[in-house]
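Beneath this line is the structure, given in C-alpha cells, with notes to follow.
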Amino acid sequence: MADGILIDEKGRRWPDGSWELVRRLGTIPTDLGLAAHAVRERGFIHIRPQDTGARVALRPGGFSLEALAGALYELKERRFPRLILAIFIEGEWFYEMLAGAWEFADRAEHLLAGGPVARRQPWLAAERDLAALGLPAFAQMRPLVELWQSTRGRLSFDVSAVAEATDLRHRMILIRRHIRTSRHVFAHFGAGIEVMPPCQSLLMIERDVHDQPDSAYGA
C-alpha cells in the first residue's frame with residue numbers, strides 16, 4: 001500500500017494504491033497512474049507525505065467543497081510542518097510552498113471557484129501573510145519581529161544578537177540601505193543558505209542586492 005491518500009468528491013479517503021478505487025474509476029491511462037488521473041480527471045485531492053511535510057495535488061475548479069473538507073481534516077490530523085501545493089493548470093503542474101494547513105485552506109478557497117489562477121512567481125522566496133507568524137513553523141521569527149516593532153523598523157546591531165540566540169543567523173540574509181542613498185546592500189549572508197558556496201556568499205557583503213547571477217530574484 002502506498003503512503004499517500006486520495007480524497008474523492010464526497011470527502012472520502014482512499015489509499016493512492018487502492019485496487020478497489022482502480023476498479024471504481026475504470027480505465028486509467030498507463031502514462032498517468034491512479035493518483036494523477038484521479039486529480040486531473042476526477043476531481044480528487046492527493047496528499048503524499050514527504051521527508052519534511054507533504055505534497056498536496058489538485059486541479060483548480062476540479063474538486064468539490066467536500067473533497068476540500070476531507071483534505072483539511074487529514075492535514076490537520078497529521079500536522080505536517082510545511083506543504084508543497086501542486087496545481088494542475090492547462091496541462092502543466094505548478095508548485096507553491098505553504099506553511100501548513102491554515103495557509104492551504106486560504107489558498108484552496110480561491111482555487112475552489114475555478115476562475116483564472118494567478119501563478120505565483122517561481123522563486124524560492126515567498127511573501128507570507130503576517131498571521132503566519134502565529135504558526136509553530138515561524139516561532140523562531142517572533143523575536144526578530146518584536147525587535148523590529150520596538151525599534152519602529154530601525155533594526156540596530158541587536159539584530160545579530162537576537163538572530164544568534166534563536167539559531168537563525170546561519171539561515172538569514174540581512175539587507176541594509178546606505179545612508180542618504182537608495183542603494184540596498186547585503187550586510188549578512190548566512191553560511192547555511194546553500195544557493196551558493198560559502199566562499200562566494202562572503203563576497204556578497206556590501207554588494208548591491210540586485211547585483212546577482214539571478215537578476216530577477218535580485219530585483
Side-chain angles (χ1 to χ4, degrees), residues 49-56 72 75-76 78-87 94-110 118-219:
Q50 296 183 329
D51 290 340
T52 58
R55 176 185 182 272
V56 184
L72 285 172
L75 294 174
K76 289 179 180 178
R78 303 186 68 170
R79 299 182 180 180
F80 295 110
R82 58 184 57 85
L83 303 173
I84 298 176
L85 178 60
I87 305 173
F94 296 87
Y95 300 90
E96 300 176 3
M97 290 293 296
L98 304 177
W102 170 84
E103 196 169 15
F104 169 74
D106 183 63
R107 182 68 170 134
E109 184 179 355
H110 296 284
R119 298 173 185 172
R120 297 185 177 183
Q121 296 292 349
W123 297 330
L124 293 177
E127 183 176 349
R128 298 292 186 201
D129 190 295
L130 284 176
L133 292 172
L135 298 173
F138 291 91
Q140 284 187 310
M141 292 296 300
R142 290 174 202 154
L144 284 175
V145 175
E146 290 169 359
L147 175 62
W148 176 78
Q149 290 176 325
S150 66
T151 59
R152 298 181 180 272
R154 294 181 177 273
L155 290 180
S156 63
F157 289 108
D158 292 336
V159 68
S160 296
V162 172
E164 196 74 48
T166 57
D167 197 32
L168 285 174
R169 187 172 175 79
H170 71 292
R171 295 187 293 114
M172 183 177 72
I173 295 176
L174 185 61
I175 310 300
R176 69 179 180 87
R177 181 170 63 87
H178 271 292
I179 298 175
R180 292 187 294 276
T181 75
S182 60
R183 290 182 59 208
H184 288 78
V185 300
F186 290 103
H188 172 78
F189 203 103
I193 300 173
E194 299 178 353
V195 296
M196 60 181 67
C199 55
Q200 187 176 351
S201 64
L202 289 174
L203 299 177
M204 302 299 290
I205 306 304
E206 290 298 318
R207 188 170 172 179
D208 286 280
V209 174
H210 62 78
D211 185 16
Q212 298 182 55
D214 187 341
S215 58
Y217 183 85

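Quick caveat, the model's predicted, so the values are computed rather than measured. Sequence positions, counted from 1, serve as the residue numbers for this chain.
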At what distance, to the nearest 0.5 angstrom, does [atom1] of [X] lie from [atom2] of [Y]?
| X | Y | atom1 | atom2 | value |
| --- | --- | --- | --- | --- |
| Phe189 | Ile175 | CZ | CD1 | 8.5 Å |
| Arg82 | Glu103 | CZ | CD | 12.0 Å |
| Leu83 | Arg55 | CG | CZ | 12.0 Å |
| Arg107 | Leu98 | CZ | CG | 8.0 Å |
| Arg176 | His184 | CZ | NE2 | 11.0 Å |
| Arg207 | Ile205 | CZ | CD1 | 11.0 Å |

Looking only at heavy atoms, the pair that brings Ala101 and Leu72 closest together is O-CD2, 4.0 Å
Smallest heavy-atom separation, Phe80 atom then Gly53 atom, equals CD2-O, 3.5 Å
Just jot down the salt bridge (charged side-chain N to carboxylate O under 4.0 Å, His left out) partners of Glu146, sequence neighbours excluded, or say none. none
Go through the structure and list residues passing salt bridge (charged side-chain N to carboxylate O under 4.0 Å, His left out) with Arg142, not counting sequence neighbours. none
Using side-chain heavy atoms (C-beta onward) and a distance below 4.5 Å, is Met204 in contact with Ile173? no
